[in-house]
Amino acid sequence: MYFPTTRVLTVLELLQSHGRMSGSDLAKRLEVNSRTIRRYITMLQDLGIPVESERGRHGSYRLRPGFKLPPLMFTNEEALALTLGLLAARKFHLMEAAPAIEGALAKVERVLPAELQQQIKAVQETLVFDTDPAETRPSPDIITRLSMSAQAGERVLLRYRSWRGNETERELDPYALVYQSSRWYAIGYCHHRQELRMFRLDRIITIERRFEKFERPDDFDPLGYVARSLAMMPSTWLIEIVLDAPLEELQQQLPQTLATLELIEEGVLLRCWAGSLEWFALILLGLNYPMKIRQPAELSDVLRDLAKRSHAIADSSENAVEASRRIEAH
């Protein structure tokens with residue numbers, strides 16, 4: 001059933017200002033009947049507002065003595081959503097200063113009824129995030145300004161420091177901001193390189209608005225772009241493997257940031273860069289599919305070495321079990 005929010009809040013304001021009012025007086029003020037007023041009162045009570053009723057011929061409604069209307073009011077779901085957002089901001093280091101987050105949490109708690117305060121406190125003390133925090137802390141100002149420019153479709157000028165320490169200026173059409181693999185990235189069209197590029201937020205030194213408009217492609221997938229870029233970030237070894245397996249199953253088993261998967265005539269082509277062939281060989285052993293290594297040839301040698309070591313461990317274990325049985329027999 002629908003109840004106009006403004007009228008419910010008007011009931012609260014009238015009780016706050018008059019202290020005590022009868023149902024008939026409230027009904028006259030709001031131009032509704034007494035039954036509707038009772039529904040409004042129930043709604044306020046469900047929100048945790050201590051509205052008390054006095055029965056009898058001269059019955060009335062009043063707010064519990066000492067209660068003051070807080071500057072903000074939240075339902076249970078709204079308070080939980082705000083708390084989760086602030087806890088996530090703390091976890092991912094969205095703010096440089098912890099007091100900013102702690103102060104916001106304290107303000108949210110202060111305006112909540114006692115029962116809801118206990119629920120929120122329980123969430124704070126027991127909730128655990130199974131996600132790595134950001135390795136670096138981007139400036140909140142950088143996040144805000146890039147987000148606003150991306151939303152408005154306005155070009156920006158970045159002063160950017162590369163991983164080598166070189167500083168350059170880049171005009172960028174920011175499409176989106178992405179948090180991936182414990183880092184923050186801005187993705188957009190770089191006019192210096194004349195192609196789509198990805199920039200780490202913690203390496204952005206300054207940012208200026210250019211007031212030039214752009215349009216982001218409708219089908220752009222920022223998260224997918226970052227994942228593919230990280231998978232193909234140059235390292236020691238370029239790996240290409242053809243797997244005889246359903247593409248959908250491989251997509252479920254291999255993270256997007258690990259490798260790119262492409263459906264070809266021979267099967268599914270896996271491509272990525274890796275710093276350690278032994279590390280990647282262990283990943284391949286976890287895939288129970290036929291495969292053919294295109295490159296590098298050294299990966300085959302690593303797999304053979306791992307097979308020998310596995311056989312040695314198995315033989316050693318069997319010998320140990322057999323020796324234990326002989327001892328028990330005697």
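From a predicted model like this one, the values you see are computed outputs, not experimental measurements.
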Side chain to side chain, [X] and [Y], heavy atoms closer than 4.5 Å:
X: R39; Y: R35; result: yes
X: P296; Y: L277; result: yes
X: L261; Y: Q251; result: yes
X: L14; Y: L30; result: yes
X: I204; Y: R159; result: no
X: T260; Y: L270; result: no
X: R294; Y: E266; result: yes
X: M198; Y: Y225; result: yes

If every non-hydrogen atom of [X] is compared with every non-hydrogen atom of [Y], which pair is closest and at what distance?
X: A27; Y: S34; result: CB-N, 4.2 Å
X: A245; Y: V268; result: O-CG2, 3.4 Å
X: V156; Y: S149; result: CG1-OG, 3.3 Å
X: V8; Y: Y40; result: CG2-CD2, 3.7 Å
X: Y185; Y: Q180; result: CE1-O, 3.5 Å
X: Q253; Y: G286; result: OE1-O, 4.5 Å

How long is the span from the [atom1] atom in [X] to the [atom2] atom in [Y], to the nearest 0.5 Å?
X: I37; Y: D25; atom1: CD1; atom2: CG; answer: 10.0 Å
X: E298; Y: I239; atom1: CD; atom2: CD1; answer: 10.5 Å
X: L63; Y: L15; atom1: CG; atom2: CG; answer: 5.0 Å
X: R304; Y: L299; atom1: CZ; atom2: CG; answer: 10.0 Å
X: K292; Y: S300; atom1: NZ; atom2: OG; answer: 11.0 Å
X: R271; Y: E240; atom1: CZ; atom2: CD; answer: 4.5 Å

Qualifying residues under side-chain contact (heavy atoms from CB on, under 4.5 Å), relative to R309, sequence neighbours excluded: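 For R309, the residues satisfying side-chain contact (heavy atoms from CB on, under 4.5 Å) (neighbours in sequence not counted) are E278, D305, L306.
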
Which residues pass the side-chain contact (heavy atoms from CB on, under 4.5 Å) test with P234, not counting sequence neighbours?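 side-chain contact (heavy atoms from CB on, under 4.5 Å) check on P234 returns W273.
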
Where at least one partner belongs to residues 190-211, residue pairs that pass ring pair (Phe, Tyr, Trp, His ring centres under 6.0 Å), sequence neighbours excluded: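 Residue pairs passing ring pair (Phe, Tyr, Trp, His ring centres under 6.0 Å), neighbours aside: Y160-F199, Y189-H191.
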
Donor on one side chain, acceptor on other, Y61 and E54, under 3.5 Å: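 Absent: no donor and acceptor within the cut-off.
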
Side chains of T36 and N33: any donor to acceptor distance under 3.5 Å?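 Yes, side-chain donor-acceptor contact under 3.5 Å.
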
Looking at Q45, R62, R20, which hits side chain to side chain donor-acceptor pair (under 3.5 Å) with E52?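 Option passing the side chain to side chain donor-acceptor pair (under 3.5 Å) with E52: R62.
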
Under a 3.5 Å distance rule, please check whether [X] uses its side chain to pair with a backbone N or O of [Y] as donor and acceptor.
X: S235; Y: W237; result: no
X: K213; Y: A152; result: yes
X: S316; Y: A312; result: no

Atom CD of residue position Q194 - does it have more than 12 heavy atoms of other residues, nucleotides or ligands inside 6.0 Å?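 Not buried by this count: 12 neighbours or fewer within 6.0 Å.
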
Would you say CG of N288 has more than 12 non-hydrogen atoms from neighbouring residues, nucleotides or ligands within 6.0 angstrom?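 No, because the 6.0 Å sphere around CG of N288 holds 12 heavy atoms or fewer from other groups.
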
Determine whether L303 and L285 satisfy the following criterion, side chain to side chain contact (heavy atoms under 4.5 Å, CB included), listing intermediate values before the conclusion. CA-CA 9 Å; L303 285 167; L285 291 175; 4.0 Å; yes

Less than 4.0 angstrom from a charged side-chain N to a carboxylate O is my criterion; do R203 and E167 meet it?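 The answer is no: the pair does not qualify as a salt bridge.
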
Do [X] and [Y] sit in the same hydrophobic cluster, where Ile, Leu, Val, Met, Phe, Trp and Tyr count as joined when their side-chain heavy atoms come under 4.5 Å apart?
X: V226; Y: Y179; result: no
X: L146; Y: V178; result: no
X: M291; Y: W279; result: yes
X: L44; Y: M21; result: yes
X: L258; Y: L282; result: yes

With side chain to side chain contact (heavy atoms under 4.5 Å, CB included) as the criterion, how do R170 and R193 come out once you've worked through the C-alpha distance, each side chain's angles and the decisive distance to 0.1 Å? CA-CA 9 Å; R170 307 288 186 95; R193 297 291 186 182; 3.8 Å; yes

Dump the intermediate steps for side chain to side chain contact (heavy atoms under 4.5 Å, CB included) on L254 and I283, then the final yes or no. CA-CA 9 Å; L254 297 173; I283 293 177; 4.1 Å; yes

Kindly assign one of parallel, tilted or perpendicular to the pair F220 and Y175, based on the angle between their ring planes and the thresholds 30° and 60°.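 The arrangement is perpendicular - the two ring planes meet at more than 60°.
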
Set out, in order, the CA-CA distance, both residues' side-chain angles and the distance that settles side chain to side chain contact (heavy atoms under 4.5 Å, CB included) for M232 and L238, then state yes or no. CA-CA 9 Å; M232 295 307 298; L238 175 60; 4.1 Å; yes

Just do the salt bridge (charged side-chain N to carboxylate O under 4.0 Å, His left out) check on E154 and R210 with the steps written out, would you? CA-CA 7 Å; E154 290 184 348; R210 273 292 184 252; over 6 Å; no

